[in-house]
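The structure appears right after this line, and notes come after that.
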Amino acid sequence: MLEIEHIEKLCLITNNYDAYEKYKDMINVEFKDESYINTMYAIRDKIHLGYVLLTHPMAGSLKPNQTPYKSVLLVKAEKIDYESIALIENAIESSLKFLKQRKLPNWSEKCLKDFRTLDLSFIDGAFLRQHSIIF
């Protein structure tokens, strides 16, 4: 488990407004009012600036052509993490394949709310697993 010494090193990148609202006053949150794939590109860019993935970019059972939301927790590191780069690049490649096979449906607001709740639950779970993060 990666030890988090300073909460100010944490960063959440999300296109899920519910995740933004919940965590914006606790940690650095970058809200992207963009598509799933563009949010993945923003996550990749952050990793290239020296951040390490704390949550897997393809966490959960939903495919990129099923949900429009993506939230990923990262932490600032001392050096570039090549494992995180490989993970995000593979996740982007997989996402593009899924989206090419089938476009995202035009979901009802009730379904979108359910997807936001599910996406948020992955981030909530990541906080619970990090023993050194206490709010």
Side-chain angles (χ1 to χ4, degrees):
M1 181 184 313
L2 183 59
E3 188 81 15
I4 311 288
E5 295 177 13
H6 302 286
I7 201 157
E8 66 271 8
K9 290 185 177 185
L10 290 175
C11 179
L12 176 65
I13 298 180
T14 185
N15 67 346
N16 178 347
Y17 193 74
D18 293 353
Y20 168 76
E21 280 296 313
K22 181 169 185 176
Y23 289 105
K24 69 180 181 180
D25 296 326
M26 297 181 221
I27 63 171
N28 175 32
V29 179
E30 293 184 19
F31 178 72
K32 306 294 180 187
D33 191 13
E34 298 188 32
S35 68
Y36 182 107
I37 197 67
N38 285 341
T39 303
M40 294 287 271
Y41 289 138
I43 294 163
R44 180 195 59 195
D45 293 347
K46 199 73 167 178
I47 292 168
H48 282 282
L49 293 175
Y51 283 76
V52 175
L53 289 167
L54 288 180
T55 57
H56 196 287
M58 297 293 280
S61 60
L62 291 173
K63 297 177 181 80
N65 58 5
Q66 293 174 316
T67 180
Y69 301 109
K70 177 50 56 186
S71 298
V72 172
L73 189 62
L74 306 105
V75 64
K76 181 68 172 144
E78 299 297 319
K79 59 184 180 177
I80 301 293
D81 181 62
Y82 293 101
E83 185 177 339
S84 290
I85 291 173
L87 277 171
I88 193 66
E89 291 294 349
N90 289 335
I92 289 170
E93 185 178 332
S94 292
S95 298
L96 289 170
K97 285 180 188 175
F98 279 113
L99 290 166
K100 186 176 181 182
Q101 291 171 1
R102 192 176 99 205
K103 293 193 183 285
L104 186 68
N106 189 14
W107 295 111
S108 69
E109 185 53 42
K110 182 185 181 316
C111 286
L112 291 173
K113 183 180 183 322
D114 289 344
F115 286 132
R116 286 192 302 271
T117 300
L118 187 59
D119 176 69
L120 178 59
S121 74
F122 296 130
I123 298 304
D124 290 344
F127 278 107
L128 291 175
R129 285 188 304 276
Q130 296 294 327
H131 299 294
S132 58
I133 300 174
I134 302 171
F135 294 108

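Both Leu10 and Tyr23 sit in one connected hydrophobic cluster of ILVMFWY residues. Membership requires side-chain heavy atoms under 4.5 Å apart, directly or through other members. Each of Phe122 and Leu54 belongs to its own hydrophobic cluster when Ile, Leu, Val, Met, Phe, Trp and Tyr are linked at side-chain heavy-atom distances under 4.5 angstrom. Leu96 and Met40 fall within a single hydrophobic cluster, where Ile, Leu, Val, Met, Phe, Trp and Tyr are joined by side-chain heavy atoms under 4.5 Å apart, directly or via other members. Linking Ile, Leu, Val, Met, Phe, Trp and Tyr whenever their side-chain heavy atoms come within less than 4.5 Å puts Val75 and Val29 in one cluster.
Tested against Ile80, the residues Ile47, Leu49, Ile85, Val52 include a single side chain to side chain contact (heavy atoms under 4.5 Å, CB included) partner, Ile85.
Between Lys63 and Phe98, the shortest heavy-atom distance links the atoms CD-CE2, 3.2 Å. The shortest non-hydrogen separation linking Leu99 to Asn65 is CD2-CA, 3.9 Å. Scanning both residues, Ile92 and Ile37, for their nearest heavy atoms gives O-CD1, 4.0 Å. For Thr39 against Asn15, the heavy-atom pair with the smallest separation is OG1-CB, 3.3 Å. When all heavy atoms of Thr14 and Ala19 are compared, the pair lying nearest together is OG1-CB, 3.8 Å. In this structure, Tyr51 and Cys11 approach most closely via the heavy-atom pair CE2-CB, 3.8 Å.
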For Tyr36 and Tyr69, what are the C-alpha separation, side-chain angles and deciding distance, and is it a ring-ring contact (aromatic ring centres under 6.0 Å, His included)?
CA-CA 6 Å; Tyr36 182 107; Tyr69 301 109; 9.4 Å; no

Stepwise, does the side-chain contact (heavy atoms from CB on, under 4.5 Å) test hold for Leu12 with Asn28?
CA-CA 6 Å; Leu12 176 65; Asn28 175 32; over 6 Å; no

Test log, rule side-chain contact (heavy atoms from CB on, under 4.5 Å), inputs Arg102 and Gln66
CA-CA 9 Å; Arg102 192 176 99 205; Gln66 293 174 316; 4.2 Å; yes

Is there a side-chain contact (heavy atoms from CB on, under 4.5 Å) between Lys70 and Ile43? Walk through the geometry before answering.
CA-CA 10 Å; Lys70 177 50 56 186; Ile43 294 163; 4.2 Å; yes

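No donor-acceptor pair under 3.5 Å is formed between the side chain of Asn38 and the backbone N or O of Glu34. A distance-only check finds no donor-acceptor pair linking the side chain of Trp107 to the backbone of Lys113 [under 3.5 Å]. Between the side chain of Ser84 and the backbone N or O of Leu53, at least one donor-acceptor pair lies under 3.5 Å.
In this structure, Ser71 OG and Ile13 CD1 are separated by 10.0 Å, a value rounded to the nearest 0.5 Å. Atom OH of Tyr41 sits about 9.0 Å away from atom OG of Ser95, to the nearest 0.5 Å. Leu104 contributes atom CG, which lies 7.5 Å from atom OG1 of Thr67 (distance to the nearest 0.5 angstrom).
Contact of the Leu74 side chain with the Lys9 side chain is not registered, since no non-hydrogen atoms from C-beta on lie closer than 4.5 Å. You'll find the side chain of Leu120 reaches within 4.5 Å of the side chain of Asn16, heavy atoms only. Side-chain contact between Leu73 and Ile27: present, with at least one pair of heavy atoms (C-beta onward) separated by less than 4.5 Å. The side-chain heavy atoms of Leu62 and Leu118, taken from C-beta on, include a pair separated by under 4.5 Å.
With sequence neighbours left out, Glu109 forms a side-chain contact (heavy atoms from CB on, under 4.5 Å) with Leu112, Arg116. Looking at residues two or more places apart in sequence or on another chain, you find no salt bridge (charged side-chain N to carboxylate O under 4.0 Å, His left out) involving Asp81.
In summary, Asp114 and Lys110 engage in a salt bridge, as defined by a charged side-chain N under 4.0 Å from a carboxylate O.
The salt bridge (Lys or Arg N to Asp or Glu O under 4.0 Å) contacts involving residues 45-56 comprise Glu30-Lys46, where partners must be two or more places apart or lie in separate chains.
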